[in-house]
Structure formats: C-alpha cells, structure tokens
Amino acid sequence: MRDENYHTQTHSTEGYLDMELLRFTTAGSVDDGKSTLIGRLLYDSKSIFEDQLDSIEQASVRMGAEGTNLALLTDGLRAEREQGITIDVAYRYFATPKRKFIIADTPGHIQYTRNMVTGASTANAAIVLIDARNGVLEQTKRHAFIASLLQIPHVLLCVNKMDLIDFSQEKYEEIKKDFNDVANKLNIPDIHFIPISAKDGDNVVNKSENTPWYEGPTLLHLLETITITSDRNYNDKRLPVQYVIRPQNDKYHDFRGYAGRVAGGVFKKGDKVAIMPSGIESTIKSIPTLNGELDSAFPPLSVVLELEDDIDISRGDMIVDAANKSYSTTEMDLMLTWMSERPMNPGGKYILKHTSNEVKCKISNIHYSLDINKLEIKDKGKAFQLNDIGRVSIKTTKPLNWDPYVKNRITGSLILIEEGTNNTVGAGMLIEPGK
Amino acid sequence: MDKYAIKHLRELEAESIFVIREVAAQFDRPVMLFSGGKDSIVMFHLARKAFWPAKVPFPLMHIDTGHNFDETIAFRDDLAKKTGTQIVVKYVQDTIDAGKVVEETGFDASRNMLQTTTLLDAVEQEQYDAAMGGGRRDEEKARAKERFFSHRDDFGQWDPKNQRPELWNLFNGRKNMGEHFRIFPISNWTEMDVWQYILLENIEIPSIYFTHTRKVFKRNGVWLAWAPFMNLRDSEEVVECQVRCRTIGDITNTGLTESKASSLEDIVQEVAATRTTERGARADDKRSEAAMEDRKKEGYF
C-alpha cells in the first residue's frame, strides 16, 4: 500500500528522510535581539555555510561592529542593512536530525503588525522574545494577543539578555508571572518559558551553566520535541475543491477527479460525503495518485477524490462528511485585521477569498476595534485604519462554506482584496454564530 | 494521532502541489520555466503529480542562453517527449540579433543578465500571465522575502517594499492588464530537500549531476567547464578532472565540484557534509553583495 510510505522510510539516508516539519514565527521588539537569536539557532545548529559566514564577518568589520554580528544573517534586503531593521517577513530554513524548521522572521515594531499576522498565519509555534531588563511591555502583549488571535498552538516565551541581569532567577520568575497574567486573558493552549542569552548562546542550543536553577529544556530541544500532529483537525472532514481533473483521453475517458488539499478530517474509500453548498450526497470511490491508490487522505495532503456519482462540482465547492457539515451562509461575523494604508471603506465592496472561493462582499457592520496593547476596546463603529484589529459583520454575494477559525484555521480564514488595486487589504478569522 | 504524522518531504510536496493547482485555476495562460536543472525537474515532477491522470495543463519554457551543457539540452528534449508536454524554447541569441541587448565582452562575459530581456519579451509575446519558476528562498538573501505569488508590474519589475501579504494558503493572483505573476511553488524547499525528494521519488536527472571526467579550468578559485566559446586567460590552463555539477546554469558561470558522487545516495551524503552554499559556486551572485536583489527588481527569475 502506497499509504505506508507516509509513515515509514526504508532508504539508507534515513535520519534525513524521516524528519517532521515545524513552522514557527518569531516576534520581538526592535532591540530584543530577535535576529541575533535566529542567527544563533542557525549558527549553533551548523546551518550556516562558510561562504555565508565569510560574507557577514566582512560586513560586520565594514560596519564597525565588535565581533560577528549574527543578526546580519537574517537582514536580507539592502534597505534593511542600511537602516538596521527588518522590514518584511523573511523565511529561514534549518534542520536538525529530528526536524526541519521553517522560520517566518517578522518585524516587531507597531507599523508592521500586518507582517506579524502574516507570519503567524501558517505557524505551529511562536517564539516571543522579551528583553530581561525591560520585562513585559505593551509590545509583548501585542505579540501574545496576535499568537492567541491567530491560534498558534504553542508559544515559547524567551526571556533574552539574561546575561545583562546577572542570570537572576528572581527577575525571571517575575517576568514569567507578569506574562502569565497577560496570557490568562487570552486563549493560548500551550506556553513554555526559557531564560536565554541569544548573543552568547545560553539555553538556545546548549544548556547554560549560568542558570543552574533552570531545569527545563533548551529552546532548540523544545522546538524539536513539542507535539505538532495533534494540532491538526482530524475530526471534521473538509476538502475545498481546488481544481477538477478531467483527462479526456481514451484510458481515462470518464474520469472526474476533485483535486484539493485536505483541510480537515480523514477521508477513506467508501465514506459518505456531502457537497457544500448544495448538500448533495455521494460516496468516495477512490483516492488515486500517480503512484497508486491511497487508503486515506488527511491534512495537510494534496489529493484527488473520485466519487461514485456523477455530480456537478466545481472550484469553490467543498466536500465534507455527510453527517458533519460545514456552515454555508452569506452573512457572518469575523475578527478582521486591516492591512492597507488606505482606511476601510465602510459599506464598500471588496473581493473576498476563502478556501478556493472568490466572491464579492460588503462590510455590513463594524462592531469594534481593539487596543491590542491594553487588550481592551478602542473604538466602536469606526472604519479600520492600517493595523487595526476588531470585529465586523460581512455579507457575501454567494454562500461561503466555512467553519469557525477556532475549529479550523483553513476553512475559518479569509482575505479581503481591494478592487482596482487588487491589493490584499484585510485578513479575517470567522466566528461561531452566537459567540 | 501519530498514525497521521507525515514527513517533511510529503508536507512540502503537498504544499507545492497546492500552489501549482492554484496557478492552473487562477490564471488563463500559465507557463512553467524549465532550465533542465534539478529544481525545475522537481517542480515539473510535482506538476505531473498535481494533475494526474490528466496531462500537465500548461507548457514548459526554456530561456536558452546558447551556452549550455549538451547533456542538459538532450535531457530537456527527452523529458518533454516522454511526458507529452509542450516545450517552448526562447533564445538569448535572438534577443542579441534583434539588437535589444548588447553582449558583454571580456573574460568574465556572461549571458546570464541578458536572459531577463528574453524572458520578459517571451512573457509579453506569448501573453503568459503567470510564469512558475524553481526559485527557493534558501538560495540567497533577497529570495528569503519572496512570496509564492510574486506580483510584477507591466515592466516585469519586482518591488520588494510593496509585496502583497500572503496569509494561510490564500493566494491573491488578481492583476491588471499587462501585469503578470512569477510563482515559486518550491519556495520552502532547501537544496537538501530537493535531493532527498529526487532520491525518494527516484526522479531522473541529467548525467552531469553525477561524477564524470571533464575538461575544466580554474577561475577565481572555481572550476569552470571548458567549452569552445570560452575565452581563456593566458594563466588559465585546461585540465581533466573528476567533477559534477551542484547546480546547472549557463555553462559560463556554473561552478563544478570535485566529486566522486556517482549515485543519488552519494550526492545526499555530500550535500549533508558540505560547508558552502550552492550559489557560492556561481559567479553571477558574487558580483556584489546585493547582486540578486538588483537582478530580481529588473525581472530576473
């Protein structure tokens, strides 16, 4: 059975072929040492190549830095090197024998909240950095809020620059308590605390002798071991139809396959399914691939489903469990982040993308926007500006097939696009009716 | 839950297939850029899986500098034939002959930069609205910020400060007349992932990736392949060596690695042990620290 290959590898290079993939985002304020931390992870895990190191060593000397500035590894674009700030989401890669990691490195200062949301949208974990000298700041609350809003399953809170507070356990415990007070008001399922020094490497990859009182794992050990398979939804069968495959050749004359990436649940041959929004039912006939049939299809695989019955299904429809359907409505409430310099046009029309659907929508009601530093309501009924986050109601021209974001990050998320410029201006997370 | 644990290569595969299907669904005239190198070979393999049992619903396009490894061209034509895929070839020589670009002169002359004009002309002539490329974010600093769906204005240019945010798996491919997209389905793959996947899926690659004896000469500390049109300095001597390609590009600036790797397993082991990046061997990126950023803004791959 082909399916077995997803679980076991028999090649001689085992150890490279059987890694899991973890995506994490990093959030921190300008001087929290975020770029240094990433540089440290790459450096200590031996993911930096000699020519890269040469190039940043030379650049460090040119810029008059003492020693090698590891932050230069991640500051990619010329404007950033000149201004010394990260201005956009940059993706970094490294691997240990246990896992492959994708880092979405996002800027921390306030005008780039949109980038933090972007990096958080695909992350399994978030590293939030605190400068040990400053403790929990408004910016920390903002990072924690975004992790909670975007439902990142794991938050790893790194208290950095411990060397500058003499590795004081007392101060570390104080910061921990302050952060827990913030987190208690939010919805973060799993939080870990680690005292580190990114500059010197304490508790990043190797356990530090400077913190004998800390008995927890190093940051890298946590990244290698936190459970990620349970973060996916294996209960509610969801397959947004992306593309209809019709070979129209002699061998596959009548073949009709519905291609898409499984957004939830486990599909098996013989399963009773329904097509949203029509609700018409059918049965799964097969899950064919180039390398033979699959036994089951589950997140995050991209598959093709063949059904027993000849039904009219097209892009934008969703194949679901016949006994456990998604919502299908034209009116819904969502938490919305505004990502454009141009303020929201209340009552104006926007293009909405949700799973494989594209429809027009109108923002019918603006409930409130939040002050995400204080975690309280800022305005009611006022059009959103860049980086505003709050609750709105929308009305669409055609029904969306959706789930609440807290149940499913794929079928619960959407973006708004401005007509004319075609820019992505909003990112939304759908809310359960009545909540 | 562990029963549904999947390995990183399968997750990367699923993501890339999703992106390729999204391109076929959102665009009218997509094309897949194909250089004959390992990245474009993997990307094409993913495209075949994405639409099976149907054929890949877009053509491949090769921007041919005329300075090729013969083995790559033979491989390209053979693959197109075997899979019944249309391949469009555009020649940098035609762009030069039309007087649109002036060829560099001197010992380090390369047609690498000239490809950009040929590519943009081809996109315009053929009215392609999306060109998929095998670029990876781990290759180079400027690429680390590239989107899967990268918007290009009607001059084909990239504006790194004005990129659309990309959230979840929602890709915004909307555009105005004359604009197009560059799309990078294997953005999240590293060099190691590509080799492991070639091994896992047993994908055929050009013979020059494996060790072979070749006439080479050393320039700026890098082995380059000798070809009749290469200008040699007096101090440069052609010798025979056991080498292989770590990347395949234009022959004038593709550095060769001294290697005995004769199987995919050997290559994976070699990549795992190596201490320099694959682009470290490419003369085109060495010209200045911000070289790639400048080329990308102008519309390079």
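A note on names: the letters A, B, ... follow the listed sequences, proteins ahead of strands, and every chain is numbered from 1. All values derive from a computational prediction rather than experimental measurement.
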Under 4.5 Å heavy-atom distance to chain A, tell me which part of B:Ser16 shows up: side chain, backbone, both or neither.
->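 For B:Ser16, no heavy atom lies under 4.5 Å from chain A.
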Checking heavy atoms, do the side chain of B:Gln26, its backbone, both or neither come under 4.5 Å from chain A?
->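 Interface part for B:Gln26: side chain.
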Closest heavy-atom pair and its distance - B:Arg21, B:Ala50 |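 Closest pair (atom of B:Arg21, atom of B:Ala50, distance): NE-O, 2.9 Å.
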Can you see which heavy atom on B:Lys38 is nearest to which on B:Ile198, and at what distance?
->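 Result for this residue pair: CB-CD1, 4.0 Å.
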Report the option among [options] that has the most heavy-atom pairs separated by less than 4.5 Å from atoms of chain B.
options: A:Met339, A:Lys100, A:Arg23; answer: A:Lys100
options: A:Ala120, A:Gly119, A:Pro247; answer: A:Pro247
options: A:Val244, A:Val425, A:Val303, A:Thr421; answer: A:Val303

If I measure from the heavy atoms of chain B, does [X] come under 4.5 Å with its side chain, its backbone, both, or neither?
X: A:Ile228; answer: neither
X: A:Thr355; answer: backbone
X: A:Arg99; answer: neither
X: A:Ile415; answer: both

Who wins among B:Pro57, B:Gly173, B:Pro165 for the most heavy-atom pairs under 4.5 Å with chain A?
->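 If we count pairs closer than 4.5 Å to chain A, B:Pro165 comes out on top.
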Using side-chain contact (heavy atoms from CB on, under 4.5 Å) as the criterion, list what pairs up with A:Glu358, not counting sequence neighbours.
->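 So A:Glu358 forms a side-chain contact (heavy atoms from CB on, under 4.5 Å) with A:Ile351, A:Lys353, B:Arg174.
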Go through the steps to decide whether B:Gln196 and B:His8 satisfy the test side-chain contact (heavy atoms from CB on, under 4.5 Å), and finish with yes or no.
-> CA-CA 10 Å; B:Gln196 288 170 353; B:His8 73 294; 3.1 Å; yes
Using residues 251-263 of chain A as the side-chain source, report each donor-acceptor pair under 3.5 Å to any protein atom, sequence neighbours left out, with the distance given to one decimal.
unit_1, atom_1, unit_2, atom_2, d
A:Arg256, NE, A:Asp310, OD1, 3.4
A:Tyr258, OH, A:Ile311, O, 3.4
A:Arg261, NE, A:Pro300, O, 2.6
A:Arg261, NH2, A:Pro300, O, 3.4

How are the rings of B:Phe171 and B:Phe149 set relative to one another: parallel (under 30°), tilted (30 to 60°) or perpendicular (over 60°)?
->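 Rings of B:Phe171 and B:Phe149: parallel, under 30°.
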Is a salt bridge present between B:Glu146 and B:Arg152, judged by a nitrogen-to-oxygen distance below 4.0 Å?
->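 Salt bridge flag = yes for B:Arg152 with B:Glu146.
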